[in-house]
Amino acid sequence: MPNLPLPAGFIFGMSTSAYQVEGAVKEDGKGPSAWDWATRQPGGTTDGSTADITDLQYYLYKLDVARMANLGINAHSFSISWARIYPFGAADSPVNQAGIQHYSDMIDYHLQMGVQPIVTLFHWDTPLALVAYYGGFTSPQIVGDFVNYAKTVFEAYKGRVTTWYTFNEPRVFCAQIATYPFNISLAAGVNSTTAPFQCSYNVVKAHVAVVKAFREMGIPGEIAYKNDDFVGTPWRANSTDDIEAVERHTAFQIGVFSEPIYGTGNWPQIMLDTLPPSFLPRFTPEEIAENKGTADFYAIDDYRDQYIAAPPEGLAACINNMTDPNWPQCNQLVQYDVNGWSVGPNPDPDSTSWLQSTPQNLRYSLQQLQARWPTTKIYISEFGFDEPYEANRTDLYLITEDVTRTNYYMTYLGEALLSIYADGIPLMGTFAWSIVDNAEWNYGFSARFGIQYLNHTTLTRTPKRSAFALSQFFAAHLQKNATVNP
Ligand code: BGC
């Protein structure tokens, strides 16, 4: 589609996160995060690695940002490590000036290179001290500490950063902290079953309070959080159970953090009907009013969009039985169609299991978002793919020939163009995950998402085929001399 330009101001972005790329984990006054601790627990990562060094972007950021500029990338969405700004996390604990200065220098370098810096305040790396004090995000005490941290960051970087995110994928984060090893440090009265919902409540409260502070402080720019997941398609097109299962999946996976902010201000009705208040705290009428409208745009980490089916025991049997293994969601994700064909190319089977390349569903995915939670601007705040068997390869020429990832990006971007032109979706930016291979949480380095290969001995970054494909796609479709600021 060579004749379809992207809208003026469209962002060709890349995403990273502090824990996954920075390394320098004990340097310049940084406190430990919950993930620094988790990777040291037995079985914390599948390959036994930590992110103590990873890409060493804390020191090598100029290398990465210069490479971005050379590839024509015009924005970098990165996160700030809370434990670098407040090593102990708490509002009444000392600020670490070296941490403030580091991100200040890094932001300036981005601006100098013409790469817009976009900041996420929280990408899962809770200061460990707050987990030890009160159970991190499973306690409502976190709200005040998070607002204090956010205000410090807004004050330090306002004007230089104009697109902000409060949280990365709160739904994934709140599920994660209910599992080992995080579930050994929950707040009093919270257990692994209730933790995701108590966390969801505290995250919404923290997000809303931070956006209120952002607006009261008159910080120029836009703010939202990065949602994840998708609505999904009924596995058996004519099955009323599968159609209802899609609604259950939507409520629990994407509605949970969309409905309070972009919809009614309250939790999705299906969650309210399923979960007692001892699991999911209820919002008061005042809180519902405060929640609504606390985002300036909708950001979606749109990696995939798969089939959803009713659980094998049937919907009614599941919904009415709290001991059913599929309760409370009572739906299943299916990765193949009714004839047995895979929904799309599959990722590295040694690591990632949730992902498939599903460009054919991208337009539907964005249409569903726009129909359910309408907005004037959408960013695909992350999308990406881990190439099958890449981590098993040692020859560089085999690693850099990342054909499935390249195909993923090109087909998704083709569909993104059609979303804009044929469907009228207000898509204004896409952020590929990620500029270089990095520490993929509990998979360590066994799952690779980089458009550049990382040599762990020399820390050299080598572009893969997908880096050039992305660069060429945007060179062909971006309008020249358009400003990327909101
Ligand atoms: C997360 C990233 C992660 C990526 C690939 C997203 O869910 O925000 O931190 O590395 O997916 O799994």
Side-chain angles (χ1 to χ4, degrees), residues 13-23 33-36 38-39 45-47 49-51 54-55 57 64 76-82 118-126 137 165-177 179 182 196 203 224-230 253-254 256-257 299-306 333 345-358 365 379-388 390-391 402 404-405 408-409 412 429-452 454 466:
M14 298 300 303
S15 303
T16 60
S17 90
Y19 165 80
Q20 294 178 274
V21 301
E22 282 185 352
S33 78
W35 267 97
D36 298 330
T39 53
T45 50
T46 52
D47 61 358
S49 63
T50 69
T54 179
D55 299 295
Q57 199 187 77
D64 284 337
H76 176 202
S77 171
F78 58 91
S79 78
I80 289 185
S81 157
W82 183 350
I118 294 181
V119 165
T120 299
L121 294 170
F122 182 80
H123 198 123
W124 306 353
D125 46 356
T126 319
F137 274 95
Y165 295 112
T166 50
F167 288 91
N168 176 71
E169 299 188 358
R171 204 264 322 158
V172 177
F173 171 70
C174 287
Q176 179 184 91
I177 60 168
T179 61
F182 303 101
V203 165
Y225 48 38
K226 287 165 71 186
N227 280 284
D228 83 298
D229 223 275
F230 55 91
Q253 295 289 111
I254 187 164
V256 53
F257 287 104
I300 181 71
D301 289 2
D302 215 337
Y303 281 83
R304 57 180 175 146
D305 193 311
Q306 293 141 313
L333 187 139
N346 292 286
D348 193 329
D350 290 341
S351 53
T352 313
S353 57
W354 51 272
L355 185 56
Q356 289 174 304
S357 175
T358 56
S365 187
Y379 291 144
I380 294 180
S381 37
E382 284 182 32
F383 68 133
F385 200 75
D386 62 331
E387 184 74 22
E390 192 180 293
D402 58 341
T404 320
R405 181 182 293 110
Y408 173 98
Y409 280 129
Y412 270 61
T430 60
F431 296 78
W433 182 276
S434 185
I435 187 65
V436 54
D437 296 335
N438 57 55
E440 178 60 18
W441 307 108
N442 56 314
Y443 294 124
F445 297 105
S446 65
R448 294 189 193 164
F449 278 86
I451 62 166
Q452 296 183 96
L454 174 72
S466 57

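Order of listing sets the numbers, starting from 1, for every ligand and every atom in it.
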F449 neighbourhood, listing ligand 1 atoms whose heavy-atom distance to it stays under 4.0 Å: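 It comes down to these atoms of ligand 1: 5 (C), 12 (O).
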
What's the shortest distance from atom 1 (C) of ligand 1 to any protein heavy atom, and which residue and atom give it?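 Nearest protein contact, heavy atoms only, for atom 1 (C) of ligand 1 is E382 OE1, 3.3 Å.
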
So W441 and W124, would you call those rings parallel, tilted or perpendicular, with 30° and 60° as cut-offs?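 The rings of W441 and W124 sit tilted, inter-plane angle from 30° to 60°.
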
For the residue pair [Y] / [X], report whether a side-chain donor-acceptor contact shorter than 3.5 Å exists.
X	Y	value
T358	D305	no
N168	T120	no
D125	S33	no
W35	Q20	no

Closest to atom 5 (C) of ligand 1 among E169, E440, R171 (heavy-atom distance):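 It is E440 whose heavy atom sits nearest to atom 5 (C) of ligand 1.
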
Does [X] reach ligand 1 with a nitrogen or oxygen that is under 3.5 Å from one of the ligand's nitrogen or oxygen atoms?
X	answer
N438	no
Y303	yes
N168	yes

Where's the contact between W354 and ligand 1, heavy-atom distance under 4.0 Å: side chain, backbone, both or neither?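 Only the side chain of W354 comes within reach of ligand 1.
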
Ligand 1-proximal atoms of H123, by part, heavy-atom distance under 4.0 Å: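 Side chain only; the backbone of H123 stays clear of ligand 1.
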
Assess whether a salt bridge exists between D229 and R304, defined as any Lys/Arg side-chain N lying under 4.0 Å from an Asp/Glu carboxylate O.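 Salt bridge between D229 and R304, a charged N being under 4.0 Å from a carboxylate O: yes.
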
